Peer 1: 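Below is the structure I would like to discuss, written out as structure tokens.
Model, not experiment: these values are computed from the prediction.
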Amino acid sequence: MTEQTARQQGTALQKGAATEDRQEKKIAQAAASAKHREDGVPQQELEQFARFLLPKIQAFYQSEEGQRLFEEWKNRKNAEEKMRKSKGS
């Protein structure tokens, strides 16, 4: 085998190894991204935050203040909807 042929084979092996490395990296990134939502937040952390926040939201809406604010919001939304319908007619 000539020196030039040996160099060519060595170069080809290096290119092949680099291609395999890139493929392995893409596979690893795909596996890692499967654990994340589209926004980059890990699903597990999102669920933990929801478990923390949900009882606080429920307690607020069960309180007198929460119920009053919710009623005000519904009334505002209904008024806006009526305005939109009257402008559209």
Peer 1: Applying a strict under-4.5 Å side-chain criterion to I, L, V, M, F, W and Y, I'd like to know whether Leu54 and Phe70 cluster together.
Peer 2: no
Peer 1: Same cluster or not: Phe52 versus Phe60, using hydrophobic residues (I, L, V, M, F, W, Y) connected whenever any side-chain heavy atoms lie under 4.5 Å apart?
Peer 2: yes
Peer 1: To the nearest 0.5 Å, what is the distance between CG on Asn78 and CE on Met83?
Peer 2: 14.0 Å
Peer 1: Between Arg84 and Glu81, does the side-chain contact (heavy atoms from CB on, under 4.5 Å) criterion hold? Intermediate values first, please.
Peer 2: CA-CA 5 Å; Arg84 240 180 275 140; Glu81 185 65 28; 3.1 Å; yes
Peer 1: For Arg68, is there an ion pair with Glu72 - N to carboxylate O distance below 4.0 angstrom?
Peer 2: yes
Peer 1: What closest approach, in Å, do Pro55 and Ala50 show between heavy atoms, and which atom pair accounts for it?
Peer 2: CD-O, 4.4 Å
Peer 1: Hey, what do you get for CG (Leu69) to NZ (Lys74), rounding to the nearest 0.5 Å?
Peer 2: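 If I round to the nearest 0.5 Å, the distance is 12.5 Å.
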Peer 1: Please name the pair of heavy atoms, one in Gln67 and one in Tyr61, separated by the smallest distance, quoted to 0.1 Å.
Peer 2: CG-O, 3.2 Å
Peer 1: Is the closest side-chain heavy-atom distance between Lys77 and Glu80 below 4.5 Å?
Peer 2: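 The answer is yes; the side chains approach within 4.5 Å.
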Peer 1: Count I, L, V, M, F, W, Y as connected when their side-chain heavy atoms are under 4.5 Å apart, and connections chain through other members. Are Trp73 and Ile57 then in the same cluster?
Peer 2: yes
Peer 1: What's the spacing between Lys87 NZ and Lys82 NZ if we round to 0.5 Å?
Peer 2: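 The distance works out to 15.5 Å.
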